[in-house]
Structures are given as C-alpha cells and as structure tokens.
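Since this is a predicted model, take the numbers as computed values, not measurements.
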Amino acid sequence: MTTTHTLKALSKALLLATGCLTASTVFADQKTPEQLYPPLTSEVLPELAAKGSYSVGVQTLDLINPAQFDPATQGKKDRPLKVEVWYPAANSANAPLTSYSDLTRTGKAFTLQADAMRDVAINNKEHYPVIVLSHGYTGYRTIMYYLGEHLASHGYIVAAIDHTDSTNADVDFKNAPFSGFFSTLINRSRDQQFVLNYFNEQNNFASKQVDNKKAGVIGYSMGGFGAVNTIGGCYDFNEQTTAMFTGMKDPAQIKQVQQLLNSCAGGQYKNPKVDTRIKAMVAFAPWGGQHNLFNASAMQNIKVPSLYIAGSLDDISGYEGIKNLYNQTGSTDKYLLTYKNARHNIAPHPAPAIAKRSSELDIGHYYEPSWSMRTLNETNKHFVLAMMDCHVKGITSQCEYLDLPQNGDQAVVNGKPLPAWHGFDNRFSTGMDWQQAKPRTK
C-alpha cells in the first residue's frame, strides 16, 4: 500500500474515531449542566464501581513544559498543557458541584454535571498517589471524567491532560486531519511524564499530600500508545512507518524524524530508565500495536503491572494489535479485559444530548452498537480501581478482583450457571473475557 493510500485510509479511520471540527468554534451558553449518570441501584453494578469515602475536589491548571520540540517550526518552543486535577476534598469543603464544558467532534458545545467541587482545599489527612489520565487523538481532558472523579473519591490525585495539538479544539479534521498527528506521536509519552514529574517534584496545590513513591498512568487510544511507552515500551518506527504517519517523502528527512520518534519512557533515547514511581499502567484500546510500532525486546523488559482493555471488534487500534501488546508485555502481573463485540469507543463518557441529535461524526465518538456506555464506564471504574489499589497502593485484598476465570458469561454446567466473576452480582458479568499472566489462585 502506498503512503498516499495509507494516509487516506488512516484519515477515514480517524474521522470515524474522532470526527471533524474547527479551532474557531466557541462554547455556547448552557443554563443547566447535563447529568450523564443518573442514580442506578448498586445491585447491578460491580462492587468497585461504588463511590469512595472522599468528597471530590477539582482544579484546572495551566502548565508549561519549556523548550520542547515543535513539529510546526522544527525548533524548540514552550509547550502549554491544560490539566484537570481531581483529588480528595477537605472534610470541611462545602461548595456547589461544578460542571465541565467541552465540544463534540463537529464543534457543538455541551456542559456536563460534575460530581466534584471546584477549587476547594485538598484533604490533608493522608498522602495520595498521582494517576495521569491521557485522552486519544483527538479528545479532551474530561472525556474520562468519571474515572477521575471515581479514583479521587478513593484516595488518588488524578491529573487529566489536554494534549496540545491533539484536542478537539486544536485539530480541524475536515481541512487538516493530520495537523496534530506528528505532535501526538512525539509528545504523548513526554506529556505524561512531565505531568507526573510536576506533581511529584514541583510546588503545587497538592505538593504536601502527594505520595511521591507511588504513581500510575492511564491512557486511551493514542493515550495508550503513550502509556505503553512511558512504562518502557520503546518506539520502533522504521522508514516505512515514519513516512506513513508523517506524510514525509524526503529520505533524509524521514531518517531524521525516525530517530526523533524512536524515544522511550517519556522522551529518553540512550539507556532509558522507567520512572520507578509508576506502579501500574492501564491502556484502553492502545494504538500502535497493529503497525508494530513498539520494540519487541523493550516490551519483553517491561516490569510495570499492566492492564489492557479492548473491544473484540476494535476497528481503529485493531484487536489483534492490542492482544500483541499484551502478549509482548513482560510484566509478571499483566491482564487483558476484552469487551466482546465492542469496537473502539470503550473509554469515553456517554454521549451528551447534543451529540445524539447530530450526525454520526458526533455520536460516533461515544456510541457502541453492542454495549451501553454506562455499563462500560461502570465496569471500567471497577477494574481500574482494582488495578490501582492492588498494584499502586499495595492493598492485597483488592488483587482478588484481578484473579478471574477467562469467561464471565456464567455458562450452564450440569443445569446450573457457573459463579459470576468476583465483584459482580449473579447474571451481570456477561459479555467479557479475561486473561492474566499468573495462574488463578482459586
């Protein structure tokens, strides 16, 4: 396949995954934020989807990563990053719940009801691990806000990044669909490591409460592409894939860019070292495995406990590519959760009303034809919390939620259904498969 044909094919896939909008679009006024998560009885939810004991605070920070490579100018430039931070709120915090304002793919504004208080004090009774949360190409920092709020209610500080050049507001897919892709390839892991370093090493509102020995990283799609790299899955672009995903044709330039792309663990090149604070990684539908963009030897050397979450019909990242990443990962604690018959949209919040009334480009960012987005979100909350509690906080009892039989469908044996997965009520663990590196203990 020629580079031109490959770019056209990728363009079509990205349009289906992320859509088109213009950077000039502005937010419209909305009087009442939309509630995407109305009350739902706990009897049908997995155990760890329940809200934790902390009220949740949220702040928006504007950070600067100085003197980073800028693909547009081919030189150094300060890189701005807007970050949404959820955290356990002080017991005395008493403020109205806030909201999140974002754009659909075609630039339609919406505002969602939050379950967090804006700019309240952090709870100073304990120390909390930092979890970095990274969206896809394109997306926005609150596209997985349900995870940020959930983890914060259980005692984590969650920092979700607006990846510059890669957000809905930055990329005009209709006229320049690849304008941010080169930047995304270079910066995804670098952004994740920079934000982790910021909270652990620089003065900020949460400095005194950060557990600077424990951290985690979560990424969706291109965020997963970055997260795998951040824990040591070094990139391995060849000349063909470099040209394919940058559109470059000059052989000398391709070689230079190939060297630039093949970084590891947050932008390192020689003898890369993975941040020892990172104790767990979750990758939703990570991109890149289908194109063999990760070094196989480096993948085998990964030690960080890793959870891959995928749809069996993923047509953007490719289910076989995601399985290959799982199989290549060397960690003795690794897991693969598969949503059977799901495609790529397994991580975003449910569609806002305005997307439902719009075109496929809008609702297609949130819609799964075989799954309820609410079900996916609640299940994600359960497994991500189990992963972070088990491997980041070291709560041994939480590891039991990661020790499961392969199939959750409760097949009927001798006239009786098999037990549901640990943490799920009877009849409600269906539609999923589970793989784990270690043999089951029960």
Met299 vs Ile302, side-chain contact (heavy atoms from CB on, under 4.5 Å): CA-CA, chis, key distance, verdict: CA-CA 5 Å; Met299 292 293 295; Ile302 289 176; 3.9 Å; yes
Whether the side chain of Asp409 engages the backbone of Ala411 through a donor-acceptor N/O pair (distance < 3.5 Å, no angle test) should be reported. no
Quick check against the 3.5 Å criterion: does Asn65 have a side-chain atom that pairs as donor or acceptor with the backbone of Arg79? no
Tell me whether Asp70 contacts the main-chain N or O of Lys76 through its side chain, where contact means a donor paired with an acceptor under 3.5 Å. no
Rounded to the nearest 0.5 Å, what separates atom CE in Met388 from atom NE2 in His150? 11.5 Å
Measure the spacing between CZ of Arg118 and OG of Ser99 and express it to the nearest 0.5 Å. 7.5 Å
Check the pair Glu368 / Arg374 against salt bridge (Lys or Arg N to Asp or Glu O under 4.0 Å), numbers first and verdict last. CA-CA 11 Å; Glu368 276 292 333; Arg374 179 70 182 268; over 6 Å; no
Report the residue from Phe245, Phe181, Phe284, Tyr235 that forms a ring-ring contact (aromatic ring centres under 6.0 Å, His included) with Phe225. Tyr235
Any sub-3.5 Å donor-acceptor pair from Lys279's side-chain atoms to Thr276's backbone N or O? yes
Could you give the distance from CZ (Arg141) to CG (Leu81), rounded to the nearest 0.5 Å? 11.5 Å
Measure from NZ or CZ of Lys334 to the centre of the six-membered ring of Tyr326, then state whether that distance is under 6.0 Å and the direction lies within 45° of the axis. yes
Assess the residue pair Ile131 and Leu133 against the criterion (side-chain contact (heavy atoms from CB on, under 4.5 Å)); give the C-alpha distance rounded to whole Å, side-chain angles, the decisive distance to 0.1 Å, and a yes or no. CA-CA 6 Å; Ile131 309 297; Leu133 189 58; 5.8 Å; no
Identify whether the distance between the nearest side-chain nitrogen and carboxylate oxygen of Lys51 and Glu378 falls below 4.0 Å. no
Taking the side chain as every heavy atom from C-beta outward, state whether Met248 and Thr242 have any atom pair closer than 4.5 Å. no
Tyr87 OH to Ile122 CD1 distance, which is reported to the nearest 0.5 Å: 7.0 Å
Take His365 and Thr104, measure what side chain to side chain donor-acceptor pair (under 3.5 Å) needs, and give me the verdict at the end. CA-CA 8 Å; His365 199 187; Thr104 67; over 6 Å; no
Can you measure from CG (Asp170) to OG1 (Thr164) and round to the nearest 0.5 angstrom? 6.5 Å
Ignoring hydrogens and angles, tell me if any N or O in the side chain of His154 forms a donor-acceptor pair with the backbone of Gly52 under 3.5 Å. yes
Is the closest side-chain donor-acceptor distance between Thr142 and Glu84 under 3.5 Å? no
Are there over 12 heavy-atom neighbours, none belonging to Glu43, within less than 6.0 Å of that residue's CD? no
Side chains of Gln193 and Asn197, donor plus acceptor under 3.5 Å: yes
For the residue pair Trp421 and Phe424, categorise the inter-ring angle as parallel (less than 30°), tilted (30 to 60°) or perpendicular (more than 60°). perpendicular
Exactly one candidate in Tyr308, Tyr401, Phe383 meets ring-ring contact (aromatic ring centres under 6.0 Å, His included) with Trp434; the answer is Phe383
Less than 4.5 Å apart, any side-chain heavy atom of Val217 and any of Ile231? yes
Do any N or O atoms from the side chain of Ser189 and from the backbone of Gly266 form a donor-acceptor pair under 3.5 angstrom? yes
Does Asn187 reach the main-chain N or O of Arg190 with its side chain, forming a donor-acceptor pair under 3.5 Å? no
Can a salt bridge be assigned to the pair Lys255 and Glu239 using a cut-off of 4.0 Å between side-chain N and carboxylate O? yes
Whether the Tyr128 and Asn123 side chains hold a donor-acceptor pair (N or O, under 3.5 Å, no angle test) is what I'd like checked. yes
Looking at side-chain heavy atoms only, is the closest gap between Thr338 and Lys323 below 4.5 Å? no
First locate atom CG of Leu337, then atom CD1 of Ile346, and finally report the distance between them rounded to the nearest 0.5 Å. 7.5 Å
May I ask you to decide if the ring planes of Tyr140 and His349 are parallel, tilted or perpendicular, using 30° and 60° as cut-offs? tilted
So, Tyr37 versus Asn377: side-chain donor-acceptor pair below 3.5 Å or not? yes
Ser370 and Tyr339: CA distance, side-chain angles, deciding distance, side chain to side chain donor-acceptor pair (under 3.5 Å) verdict: CA-CA 10 Å; Ser370 299; Tyr339 292 118; over 6 Å; no
Side chain to side chain, Pro66 and Asp78, heavy atoms closer than 4.5 Å: yes
Would you call Gln410 and Asn426 a side-chain contact if the rule is heavy atoms closer than 4.5 Å? yes
Show, in sequence, the C-alpha distance, side-chain angles and deciding distance for Asn380 and Tyr220, and conclude whether the side-chain contact (heavy atoms from CB on, under 4.5 Å) test is met. CA-CA 12 Å; Asn380 291 342; Tyr220 167 47; over 6 Å; no
Counting N and O atoms only, with roles assigned by atom type, does the side chain of Gln258 sit under 3.5 Å from a partner on the main chain of Phe237, one being a donor and the other an acceptor? yes
Apply side-chain contact (heavy atoms from CB on, under 4.5 Å) to the pair Leu151 and Val384, showing each step before the final yes or no. CA-CA 8 Å; Leu151 290 173; Val384 170; 4.1 Å; yes
Would you say that more than 12 heavy atoms from the other residues, nucleotides or ligands in this model lie under 6.0 Å from the CZ of Arg427, or not? no
Start with the C-alpha distance between Thr184 and Ser166, add both sets of side-chain angles, then the distance that settles side chain to side chain donor-acceptor pair (under 3.5 Å), and finish with yes or no. CA-CA 6 Å; Thr184 298; Ser166 188; 3.2 Å; yes
Geometric class of the His135/His163 ring pair [parallel <30°, tilted 30-60°, perpendicular >60°]: perpendicular
Quiz item: cation-pi between Lys393 and Tyr156, 6.0 Å / 45°: yes
Gln290 (side chain) donor-acceptor with Tyr319 (main chain) under 3.5 angstrom: no
Tyr145 versus Leu36: any side-chain heavy-atom pair under 4.5 Å? yes
Note: Asp62-Lys82 ion pair, threshold 4.0 Å (strictly below): yes
Aromatic rings Trp287 and His291: how do their planes relate, parallel, tilted or perpendicular, breaks at 30° and 60°? tilted
Does any N or O in the side chain of Gln192 come within less than 3.5 Å of the main-chain N or O of Ala227, such that one atom is a donor and the other an acceptor? yes
